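What follows is one structure encoded as structure tokens, with my remarks underneath.
Both ligands and their constituent atoms are indexed starting at 1 by order of listing. Everything quoted here is computed from the prediction, not taken from an experiment.
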Amino acid sequence: MKSQFLSLFSGALLLSQDVVAQVASPLGGPSPPAKKVWVYRRWAGANYACKCYAGDSCWPSGKDWQSLNTTVGGNLRVNLPPGAPCYNTFQGPLGNVSTFNAAQCASVTAGFPSEQYQIELPAAGLWTYFTNDTCRPTTNPAESCTLGYYPTLVITAKTVGHIQAGINFARENNLRLVVRNTGHDFLGRSVGWGALVINTHGFQDISLTNSWGGAGGYSGSAITVGAGVQAFTALGRLNALRPPKIMVTGECATVGVAGGLPQGGGHGPWTNQQGFLADTALEFKVITADGILRTTNANTNSDLFWGLRGGGPATFAVIVSASYRTFDDPVSTGITLEINLSQTPNATLFWKAITAFTGYSNYFVDNGIYVYYELGTMGQNLHVQPFVGIGKTVAQLQAIVKPLFDDLKAIGVPYTTTTKTFSTFYDLYRDMFETEVAGQSALTGGWTIGKEDIRVNNTGVVNAFKTILDNGSFMVGHMWNAGYGLPATRWNESSVNPRFRSVSNKLITLVPVSGNAPLAEKAAAQRKLTYVIDGALKAAAPNGAAYINEADPYIPNWQEVFWGTNYPALLNLRKKWDPSSVFYAVSTPGTEAWEQIEYGTRLCKKV
Ligand SMILES: Cc1cc2nc3c(=O)[nH]c(=O)nc-3n(C[C@H](O)[C@H](O)[C@H](O)COP(=O)(O)OP(=O)(O)OC[C@H]3O[C@@H](n4cnc5c(N)ncnc54)[C@H](O)[C@@H]3O)c2cc1C
Ligand SMILES: *[C@@H]1O[C@H](CO)[C@@H](O)[C@H](O)[C@H]1NC(C)=O
Ligand SMILES: *[C@@H]1O[C@H](CO)[C@@H](O)[C@H](O)[C@H]1NC(C)=O
Ligand SMILES: *[C@@H]1O[C@H](CO)[C@@H](O)[C@H](O)[C@H]1NC(C)=O
Ligand SMILES: *[C@@H]1O[C@H](CO)[C@@H](O)[C@H](O)[C@H]1NC(C)=O
Ligand SMILES: *[C@@H]1O[C@H](CO)[C@@H](O)[C@H](O)[C@H]1NC(C)=O
Ligand SMILES: *[C@@H]1O[C@H](CO)[C@@H](O)[C@H](O)[C@H]1NC(C)=O
Ligand SMILES: *[C@@H]1O[C@H](CO)[C@@H](O)[C@H](O)[C@H]1NC(C)=O
Ligand SMILES: *[C@@H]1O[C@H](CO)[C@@H](O)[C@H](O)[C@H]1NC(C)=O
């Protein structure tokens, strides 16, 4: 396979009839490097300047790619969709290749639903909608396997120099660049049609200290992780310390702790206690769009440091390593709750129970309790797994949840519940949070409900939930407040939307739709997500906000709903640190003029 691909870099595949021209400086800012050229396209009645893709005459020559490959230590590969071994032929942008391999097909078929299997592939997307759901594992090798929106080439970076070479090559040749870590992204930001990927998952170093002597006026315990480290690895290392330590991570153990998570904010079971993962950051080592390795902390490049703490993934720089505060890990207790009327539906009972449950959102976060739940996955069901009491005994947590359980008894809704206690939160986390699967296709949206909204309009919020379930969607919920335990004097150290300091119930909404559904069906699903599903939540909770890592990127007025009053400063930072848009992730600061035109393919700037 390899040798066939090498011959495809001969340059003979330059098919483009595009008008290609040298442009002085269409983006403003410093003059682009001499080689930087734009491909001009017309789409839907407007003019666009686009990045260079395979087939365009500005696409680098085979010699250029081989020279890049040498610089990155031979770690450049032509990307194949994960399912390619199940097909006779992969029809890629660089030509056709025979790909069938029965053993590899069996292994990818078995592995496709596993998060960790997909994470270890260099350029897979765990939620497949934004790969265009192309070339999934199949039993019919004669079907067609195309690249869809998977990237074209990938650098599996092993050193800082490899990342620098990738950034420089993408900038100089005006290529679409995608940074990829674990591929968890719900918004399609770790894949991208025709792109060159820099995969940072190989950066797995971890170091621990009891006395952070660096910047930020902090001298307590801390962890430094390489860009690719996942939550379960970092937490395992911290738990092995005596006494055991803990850090803020997401609820999901497989998400990375130094890639998209801190750059979006990063909420989890510890958010009531310590805020977002971004709020606990002490330092990031990053490579900026100019290819330079920089230290960012409260003293050095402090503006960039602030932007990296919640200002949007893949917006300002590529993270190489991150340092965070760590904490003592106390006794913790978890309680589950199951209300399941899917076999004996009774809407009156069900919605009375949900009204009681959401009515306690403020009460739970005001008591430091985090709640992870799923609503409507099986029709009339609520699955809470779990209520988390960090530092709480069984008696303490049971006393806190008692008013809700009393209400459920009074309503007369059947439910089941379990309680477990652990000597650390880490043990609870490994035991009570459920594993998630990969390979599903859905559009995801979401909204976070303000405490004021619960206070004045709990009925309106529950009516929005009804609309969502009635319209074939369901929700994953998280009750937390990022201002409960973190002193208000530290809130502005991160660039997350300040509104997250006064919320209590964060929802992810899902609209299942196949990535290869007809275009009209995909457009209808997107409209439904934006206007019916998330529209209902926004109308019921005007004091809320949207979370950039778990939201509809096409939500109206995205600058305001993702970043609130921090947006103008983030926009200025983007202009300063990435003036020629080397990086791109949908709906992040400074991407207003950028669009993936031609049915989600070419990344272009309106001119
Ligand atoms: C099952 C599941 C559970 C989740 N649970 C939570 C949760 O509890 N809390 C929460 O806050 N979020 C949660 N998320 C959302 C999570 O925050 C995002 O998916 C996040 O973007 C994942 O980051 P990643 O680096 O692991 O993944 P990737 O998909 O590889 O990357 C995500 C984004 O970060 C960018 N990026 C990756 N690496 C780097 C780097 N080294 N430098 C610069 N940019 C980089 C990518 O370009 C992309 O834009 C969950 C997601 C899933 C799928
Ligand atoms: C890059 O070099 C390695 C090692 O020589 C080789 O195996 C690989 O095929 C090359 N990649 C490309 C895209 O040519
Ligand atoms: C690739 O294969 C497809 C399907 O067999 C065929 O239609 C197409 O012409 C081939 N392309 C090239 C470049 O050989
Ligand atoms: C993406 O999928 C749509 C169907 O949903 C299809 O029309 C389009 O050609 C696909 N594009 C690519 C690049 O695979
Ligand atoms: C809900 O009840 C149905 C039927 O009794 C059962 O099949 C399903 O597994 C239950 N779901 C949960 C999450 O307990
Ligand atoms: C729903 O439950 C309530 C309370 O038990 C009961 O009065 C009502 O008749 C039930 N409705 C249906 C449709 O079974
Ligand atoms: C309450 O929610 C409803 C939607 O369910 C909305 O129409 C109404 O405006 C909301 N009221 C307030 C005060 O926010
Ligand atoms: C969505 O839900 C609302 C409110 O329950 C309902 O009126 C509407 O018909 C639903 N729309 C669709 C497309 O199902
Ligand atoms: C946060 O606000 C305080 C008080 O207004 C100010 O002194 C400080 O510089 C701000 N910090 C940041 C990072 O903006």
Side-chain angles (χ1 to χ4, degrees), residues 8 12-13 15 88-97 115 118-119 123-127 130 142 144-146 157 163 177-192 195 197-201 203 226-231 248-269 271 276-278 284 286-287 308 310 312-322 341 344-350 352 370 372 411-414 433-438 440 444 446 476 478 480 496 506 508 547-551 583-586 588:
L8 297 170
L13 278 166
L15 316 163
N88 291 330
T89 308
F90 165 57
Q91 294 163 247
L94 304 172
N96 289 349
V97 213
E115 286 190 330
Q118 295 231 24
I119 287 164
L126 275 53
W127 285 81
F130 289 102
S144 129
C145 168
T146 60
I163 299 178
L177 178 66
V178 165
V179 188
R180 198 268 191 189
N181 181 20
T182 68
H184 269 87
D185 209 80
F186 283 119
L187 293 77
R189 297 173 302 195
S190 47
V191 295
V197 174
I198 298 174
N199 180 314
T200 60
H201 185 52
F203 287 67
V229 172
Q230 293 169 261
V248 177
T249 69
E251 105 349 272
C252 173
T254 55
V255 171
V257 291
L261 196 68
Q263 294 175 86
H267 66 86
T271 291
F276 288 92
L277 173 61
F284 294 110
V286 304
I287 301 167
L308 290 162
T315 299
F316 305 109
V318 176
I319 294 180
V320 176
S321 71
L341 303 180
T344 50
N346 184 325
T348 311
L349 276 186
F350 181 70
K352 271 190 180 171
Y370 169 89
Y372 182 82
I411 292 164
V413 68
F433 283 89
E434 296 164 289
T435 54
E436 284 142 4
V437 295
Q440 306 182 84
T444 55
V476 176
H478 317 68
W480 49 250
V496 296
K506 179 192 169 301
I508 299 176
Y547 174 53
I548 182 67
N549 283 356
E550 297 172 325
F583 303 118
Y584 172 82
V586 62
T588 50

Using every non-hydrogen atom in the two residues, find where [X] and [Y] come nearest and quote the distance to one decimal.
{"X": "Phe284", "Y": "Pro262", "result": "CZ-CB, 4.0 Å"}
{"X": "Leu341", "Y": "Asn346", "result": "CD1-O, 3.8 Å"}
{"X": "Val496", "Y": "Gly310", "result": "CG1-CA, 3.9 Å"}
{"X": "Asn549", "Y": "Pro313", "result": "OD1-CG, 3.4 Å"}
{"X": "Ala124", "Y": "Val191", "result": "C-CG1, 4.4 Å"}
{"X": "Ala157", "Y": "Ile163", "result": "CB-CG1, 3.7 Å"}

Using a 3.5 Å cut-off on N or O atoms only, is [X] in polar contact with ligand 1?
{"X": "Glu436", "answer": "no"}
{"X": "His184", "answer": "yes"}
{"X": "His478", "answer": "no"}
{"X": "Gly260", "answer": "yes"}
{"X": "Ala585", "answer": "no"}
{"X": "Gly256", "answer": "yes"}
{"X": "Gly183", "answer": "yes"}

**Complete:** ligand 3 atoms nearer than 4.0 angstrom to some heavy atom of Gln91 are 2 (O), 3 (C), 4 (C)
**From Leu126, Leu261, Thr249, residue fulfilling side chain to side chain contact (heavy atoms under 4.5 Å, CB included) relative to Val255** = Leu261
Show the atoms of ligand 1 that are less than 4.0 angstrom away from any heavy atom in [X].
{"X": "Gly250", "value": "7 (C), 8 (O), 9 (N)"}
{"X": "Pro313", "value": "33 (C), 34 (O), 35 (C), 49 (O)"}
{"X": "Trp127", "value": "53 (C)"}

Within less than 4.0 angstrom of ligand 1, does [X] place any heavy atom?
{"X": "Ala317", "result": "yes"}
{"X": "Gly264", "result": "no"}
{"X": "Gly268", "result": "no"}
{"X": "Tyr547", "result": "yes"}
{"X": "Leu261", "result": "yes"}
{"X": "Phe583", "result": "no"}

**Request:** Classify the angle between the aromatic ring planes of Trp480 and His267 as parallel (below 30°), tilted (30 to 60°) or perpendicular (above 60°).
**Result:** tilted
**Request:** Give the ring-plane orientation class for Phe433 versus Tyr370, where under 30° counts as parallel, over 60° as perpendicular and anything between as tilted.
**Result:** tilted
Compare [options] and give the one whose heavy atom is closest to [atom].
{"atom": "atom 4 (C) of ligand 6", "options": "Thr344, Leu349, Ile411", "answer": "Leu349"}
{"atom": "atom 11 (N) of ligand 6", "options": "Thr348, Asn346, Leu341", "answer": "Asn346"}
{"atom": "atom 5 (N) of ligand 1", "options": "Glu251, Glu115, Gln230", "answer": "Glu251"}

What part of [X], side chain from CB on, backbone N/CA/C/O, both or neither, has a heavy atom under 4.0 Å from ligand 1?
{"X": "Gln263", "result": "side chain"}
{"X": "Thr200", "result": "side chain"}
{"X": "His201", "result": "neither"}

Considering only non-hydrogen protein atoms, determine which one is nearest to [atom] and report residue, atom name and distance to 0.1 Å.
{"atom": "atom 29 (O) of ligand 1", "result": "Ser190 OG, 2.8 Å"}
{"atom": "atom 51 (C) of ligand 1", "result": "Phe186 CE1, 3.2 Å"}
{"atom": "atom 15 (C) of ligand 1", "result": "Glu550 OE2, 3.6 Å"}
{"atom": "atom 20 (C) of ligand 1", "result": "Asn549 ND2, 3.9 Å"}
{"atom": "atom 3 (C) of ligand 1", "result": "Cys252 CB, 3.3 Å"}
{"atom": "atom 39 (C) of ligand 1", "result": "Val179 CG1, 3.4 Å"}
{"atom": "atom 26 (O) of ligand 1", "result": "Thr182 OG1, 2.6 Å"}
{"atom": "atom 33 (C) of ligand 1", "result": "Asp185 OD1, 3.5 Å"}

**Prompt:** Under 3.5 Å, side chain of His201 to main-chain N/O of Gly228, donor-acceptor pair present?
**Reply:** yes
**Message:** I'd like to know if the side chain of Tyr584 and the backbone of Arg189 have a donor-acceptor N/O pair within less than 3.5 Å.
**Reply:** no
Decide yes or no for [X] and [Y]: does some side-chain heavy atom of the first lie under 4.5 Å from some side-chain heavy atom of the second?
{"X": "Asn181", "Y": "Gln230", "value": "no"}
{"X": "Lys352", "Y": "Val413", "value": "no"}
{"X": "Glu115", "Y": "Thr435", "value": "no"}
{"X": "Val320", "Y": "Ile287", "value": "yes"}
{"X": "Glu436", "Y": "Val476", "value": "no"}
{"X": "Gln263", "Y": "Thr315", "value": "no"}
{"X": "Phe583", "Y": "Val318", "value": "yes"}

**Request:** Could you grab the distance from atom CZ of Arg180 to atom OG1 of Thr200, nearest 0.5 Å is fine?
**Result:** 9.0 Å
**Prompt:** From atom 2 (O) of ligand 6, is the closest protein heavy-atom distance below 4.0 Å?
**Reply:** yes
**Prompt:** Protein heavy atoms: any of them under 4.0 Å from atom 14 (O) of ligand 6?
**Reply:** yes
**Item:** Nitrogen or oxygen of Asn96 less than 3.5 angstrom from that of ligand 3
**Value:** yes
